[in-house]
Peer 1: 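Mind looking over this structure? Questions follow.
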Protein chains: 2
Amino acid sequence: MGRRNTIQKQLVLDAVNKFMGHPSAEEVYNSIVESYPDISKATVYRNLNHLVDSGQLLRLTVPGSADKYDATVSNHCHALCKYCDKFIDLELENPVVIDFNDKALKENMVDDFVILFTGICPDCMEQKRKIKD
Amino acid sequence: MGRRNTIQKQLVLDAVNKFMGHPSAEEVYNSIVESYPDISKATVYRNLNHLVDSGQLLRLTVPGSADKYDATVSNHCHALCKYCDKFIDLELENPVVIDFNDKALKENMVDDFVILFTGICPDCMEQKRKIKD
DNA sequence: TTTTGTGCAAAAACTTTGCAACGTA
DNA sequence: TACGTTGCAAAGTTTTTGCACAAAA
């Protein structure tokens with residue numbers, strides 16, 4: 001189970017870190033290939049899996065598209081634009097509070113959750129406004 | 001865009017309704033094929049999509065497995081067991097409250113959300129207990 | 001030297017699509 | 001009749017896997 005450090009693994013981690021937003025495996029691959037053309041897509045997938053397993057990346061399961069990866073591991077949440085499918089980081093002023101003592105949650109020893117908001121991003125709102133005029 | 005009622009569409013809706021839990025497209029197909037062997041998997045997928053579009057079913061995007069379908073359209077949430085991947089309906093005593101006036105939520109015109117809890121289901125808890133003994 | 005990781009290609013898992021025939025309104 | 005729906009097969013998308021070789025520890 002001991003993990004070795006390889007150039008490829010570092011490239012994958014760096015790629016997700018540098019990426020604006022939340023890249024898919026394909027996007028990670030594309031961004032690495034530019035500078036390191038010999039990397040294989042299988043290696044990208046394998047390293048993404050390792051990095052998720054070791055807690056260095058978060059895997060985001062998104063309705064309607066391939067998994068995305070997030071270098072920001074700390075607690076935050078996301079919103080999905082229902083028009084353009086843009087996936088947005090959200091910093092809530094008042095974080096969502098869950099009462100983990102709720103009966104159903106205790107029964108299933110729930111200790112974590114993910115929350116995905118859906119809305120209309122500012123860009124799409126602007127589009128809609130223009131069309132109305 | 002007008003939708004017609006077909007035997008197949010009704011079979012798909014019934015199958016999801018009768019299913020214990022939250023079937024995948026594959027499971028819906030398997031349960032229909034027993035009594036209606038000529039149905040095609042494409043038809044199941046197409047009807048699931050129509051039924052989701054028309055609000056008669058909910059599509060549940062689950063990390064690590066195929067989409068599931070839910071005949072209970074009303075507001076509720078789910079938990080995923082981190083050991084057996086069982087997908088569980090949750091009835092919270094105190095529903096999760098979101099402050100939709102939060103700055104980030106207003107900016108993106110967020111009007112809805114889904115929440116997925118992760119925990120250990122009673123069955124897996126029992127398993128773990130047995131192993132310890 | 002002993003694993004573990006890599007690249008490649010093939011396969012697996014899941015879902016959609018083109019098309020001719022069919023069924024519903 | 002008109003057009004939405006079906007079954008089938010093919011193709012599309014995303015991810016994993018088998019294997020021989022290469023590279024870390």
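All chains are named by letter (A, B, ...) in the order of the sequence lines, taking the proteins before the strands, and each is independently numbered beginning at 1.
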Peer 1: Do A/Val96 and A/Leu60 share a hydrophobic cluster (ILVMFWY, side-chain heavy atoms under 4.5 Å, transitive)?
Peer 2: no

Peer 1: Rounded to whole angstroms, how far apart are NZ on A/Lys9 and C1' on C/dT6?
Peer 2: 14 Å

Peer 1: Does a side-chain N or O from A/Asn5 land closer than 4.0 Å to OP1 or OP2 of D/dA23, or not?
Peer 2: no

Peer 1: State, to 0.1 Å, how close B/Leu90 and B/Ala79 come at their nearest heavy-atom pair, and which atoms those are.
Peer 2: CD1-CB, 3.8 Å

Peer 1: Could you state the interatomic distance from CZ (A/Arg3) to CG (A/Asn47), rounded to the nearest 0.5 Å?
Peer 2: 9.0 Å

Peer 1: Look at all strands and tell whether B/Ala42 reaches a base, only sugar-phosphate, or nothing, counting heavy atoms closer than 4.0 Å.
Peer 2: base

Peer 1: For B/Asp38 and C/dC22, give me the distance from atom CG to atom P, rounded to whole Å.
Peer 2: 13 Å

Peer 1: Heavy-atom distance under 4.5 Å between the side chains of A/His22 and A/Asp89, does that happen here?
Peer 2: yes

Peer 1: Which atom names give the shortest non-hydrogen contact between A/Asp67 and A/Tyr69, and what distance separates them?
Peer 2: O-CE1, 3.9 Å

Peer 1: Looking at the side chain of A/Ser40, which of C/dC8, D/dT5, D/dT15 is the nearest nucleotide?
Peer 2: C/dC8

Peer 1: What is the distance, rounded to the nearest whole Å, between atom NZ of B/Lys41 and atom P of C/dC14?
Peer 2: 9 Å

Peer 1: Return whichever of B/Thr6 or B/Asp67 has its heavy-atom-nearest nucleotide of DNA chain C closer to the 5' end.
Peer 2: B/Asp67

Peer 1: If you apply the rule side chain to side chain contact (heavy atoms under 4.5 Å, CB included), what do you find for B/Phe117 with B/Leu92, and how did you get there?
Peer 2: CA-CA 11 Å; B/Phe117 293 97; B/Leu92 296 188; 4.3 Å; yes

Peer 1: Could you state the CD1-P distance from A/Ile7 to C/dG7, rounded to the nearest angstrom?
Peer 2: 9 Å

Peer 1: Figure out the OH/C1' separation between A/Tyr36 and C/dT6, and round it to whole Å.
Peer 2: 9 Å

Peer 1: Whole-Å distance between D/dA23 C1' and A/Asn47 CG?
Peer 2: 14 Å

Peer 1: D/dT14 phosphate, OP1 or OP2: any side-chain N/O from A/Ser24 under 4.0 angstrom?
Peer 2: no

Peer 1: A/Asp53 has an atom CG; how far is it from atom P of D/dT16, in whole Å?
Peer 2: 10 Å

Peer 1: Within the structure, does a side-chain N or O atom of B/Tyr45 lie under 4.0 Å from either OP1 or OP2 of C/dT15?
Peer 2: yes

Peer 1: Tell me whether the OP1 or OP2 atom of D/dT16 has a side-chain N or O from A/Asn49 closer than 4.0 Å.
Peer 2: yes

Peer 1: So how far off straight is the helix from C/dT1-D/dA25 to C/dA25-D/dT1, going by the axes through five pairs at either end, to 10°?
Peer 2: 40°

Peer 1: Could you tell me how far apart B/Leu51 (CG) and D/dT5 (C1') are, to the nearest whole angstrom?
Peer 2: 13 Å

Peer 1: With hydrogens left out and only the distance checked, is there a donor-acceptor pair under 3.5 Å joining A/Arg46's side chain and the base of C/dG7?
Peer 2: yes

Peer 1: Could you check whether A/Gln10 and A/Asp14, counting side-chain N and O atoms only, form a donor-acceptor pair closer than 3.5 Å?
Peer 2: yes

Peer 1: Looking at D/dT15, D/dT6, C/dT6, which one has an atom nearest to any side-chain atom of A/Thr43?
Peer 2: C/dT6

Peer 1: Any side-chain N or O of A/Gln8 less than 4.0 Å from the OP1 or OP2 oxygen of D/dA23?
Peer 2: no

Peer 1: If you check every side-chain atom of B/Arg4, which of C/dA9, C/dG5, D/dC3 has the closest atom?
Peer 2: D/dC3

Peer 1: Check this for me: does any side-chain nitrogen of one of B/Glu27 and B/Lys68 sit under 4.0 Å from a carboxylate oxygen of the other?
Peer 2: no

